[in-house]
Amino acid sequence: MNIINVIEDTYKKEEGNIPAYSIGDKISITSVIAGEGKGKRVQTFTGLLIAENGSGINKTITVRRISYGEGVEKVFPIHSPKITKIKIESQGLVRRAKLYYLRDRIGKKATKVKQKKTK
Amino acid sequence: MSVGILGKKMGMTQIFKENGERVSVTVINAGPCTVIQKKTEGTDGYNALQLGFGEKKLDKVKRPLTGHFKKANVKPSKNLKEFRLSKQESDKFNVGDEVKVTIFEKGSFVDITSKSKGRGFTGVLKRHNFGRPTMSHGTHENFRHGGSIGCATPARVIKGKKMPGHYGNAIVTIQNLEVVDVIEDKNLLLVRGAVPGSNQSMVRIRQALKKPGVKK
């Protein structure tokens with residue numbers, strides 16, 4: 001195995017700590033935004049998972065939500081120790097790997113994708 | 001100045017520090033190196049240690065060198081490099097001793113020397129970071145030129161004028177690179193930032209000349 005991958009594996013999060021998400025899911029991500037110890041500030045960002053980029057330790061996910069009528073996107077490096085929790089709120093059913101077409105939509109359509117039927 | 005080490009550049013990646021900071025690092029397979037010769041002021045005029053790094057088959061070694069390795073009673077190595085040291089420092093080692101990556105501490109700083117990637121004959125924009133002439137306002141056939149190289153007095157080109165020419169494939173030292181991690185069992189050194197040369201090329205690592213004993 002390539003030595004670079006071996007190094008990356010030691011710094012990566014364990015597989016069990018990251019839930020099996022897929023594009024189109026509504027997810028909420030809890031991350032430390034500032035400070036350490038007592039002054040630590042934690043924030044949860046909930047939105048639609050619209051893209052996944054990179055591989056290995058550099059893998060990032062893009063989450064989009066409409067906040068006060070304004071589209072907001074955040075890119076999270078999922079292996080960062082600052083990201084403490086990833087929760088899947090609901091599962092979507094989409095046929096694209098990148099949902100950039102949602103950026104052009106206005107109103108209700110902008111935040112909704114088809115939902116996966118749960119048994 | 002303490003002894004350095006020889007290594008092989010393996011490539012670059014990114015890692016996370018404990019505080020969540022993302023840093024780009026170069027992975028170097030450093031050592032273990034063997035002391036092959038000890039030069040002293042009495043016999044050679046200066047004090048130095050000659051280190052060997054990497055394996056080489058005995059039948060691939062040129063005949064004059066076989067005797068050199070035989071004298072030290074060590075296995076032949078691919079790369080040989082000298083490190084000039086004070087007498088006190090070089091007395092810490094004997095011929096046949098191993099120098100390991102643990103000579104560097106996590107958080108300390110190092111200088112890394114290597115041969116940079118060869119770029120061939122390059123223009124002034126790439127070689128000397130010249131600015132580019134304007135692309136509009138009537139410019140033609142003159143998009144990557146360096147402009148005038150002198151004036152009527154002294155009617156000659158001044159020595160050292162930056163011009164196109166061969167770039168790269170030269171010995172380059174990058175100073176004050178932070179050691180992010182030392183992995184002893186795999187002989188690996190992770191340093192912050194880039195290191196000259198292509199992957200798999202030999203690098204020479206020493207304690208930082210301008211930051212000795214400084215720890216981050």
Side-chain angles (χ1 to χ4, degrees), chain A residues 1-19 21 27-47 49 51-63 73-87, chain B residues 5-33 53-55 78 100-102 104 106-107 110 112 114 177-195 197-203 205 216:
Chain A
M1 202 180 174
N2 188 352
I3 199 89
I4 301 287
N5 296 342
V6 175
I7 299 269
E8 284 185 359
D9 284 350
T10 57
Y11 284 92
K12 262 183 353 199
K13 278 182 189 169
E14 284 172 31
E15 271 180 26
N17 290 345
I18 299 166
Y21 57 80
I27 64 172
S28 61
I29 294 182
T30 310
S31 60
V32 180
I33 54 162
E36 267 177 36
K38 237 186 170 182
K40 193 163 98 172
R41 278 198 288 150
V42 177
Q43 211 172 57
T44 305
F45 188 83
T46 309
L49 177 56
E52 186 185 46
N53 277 304
S55 65
I57 198 165
N58 302 325
K59 187 174 265 184
T60 58
I61 53 175
T62 307
V63 184
E73 276 178 24
K74 265 193 159 188
V75 182
F76 295 97
I78 57 168
H79 289 288
S80 168
K82 278 189 175 177
I83 290 171
T84 49
K85 199 179 167 191
I86 300 175
K87 196 187 165 200
Chain B
I5 202 167
L6 303 175
K8 194 159 79 168
K9 179 176 168 181
M10 303 306 288
M12 287 189 80
T13 182
Q14 291 182 342
I15 60 164
F16 290 101
K17 283 186 165 183
E18 293 89 356
N19 58 1
E21 193 189 348
R22 191 151 58 149
V23 289
S24 0
V25 292
T26 307
V27 181
I28 298 166
N29 181 9
C33 296
F53 171 67
E55 286 177 10
K78 205 175 174 185
K100 284 194 164 176
V101 72
T102 43
F104 299 114
K106 194 176 170 178
V110 289
I112 295 185
S114 179
L177 292 166
E178 185 196 335
V179 177
V180 180
D181 205 353
V182 180
I183 304 168
E184 194 188 345
D185 54 337
K186 290 195 182 81
N187 292 313
L188 293 176
L189 194 70
L190 307 190
V191 293
R192 186 178 194 145
V195 166
S198 55
N199 290 346
Q200 307 295 324
S201 64
M202 198 202 69
V203 296
I205 311 154
K216 200 179 177 184

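Excluded from the calculations below are hydrogen atoms, water molecules and symmetry mates; all remaining heavy atoms, backbone and side chain alike, are included. What you are looking at is a predicted structure, and each value in this text was computed from that prediction instead of being measured. Each chain gets a letter, A, B and so on, in the order its sequence line appears, and its residues count up from 1.
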Check chain B against chain A and list any donor-acceptor pairs under 3.5 Å.
from: B:T13; atom 1: OG1; to: A:E8; atom 2: OE2; distance (Å): 2.6
from: B:D181; atom 1: OD2; to: A:Y11; atom 2: OH; distance (Å): 2.5

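Residues passing the side chain to side chain contact (heavy atoms under 4.5 Å, CB included) test with A:P81, sequence neighbours excluded: B:F16.
With a 4.5 Å cut-off on non-hydrogen atoms, A:I7 touches chain B through its side chain but not through its backbone.
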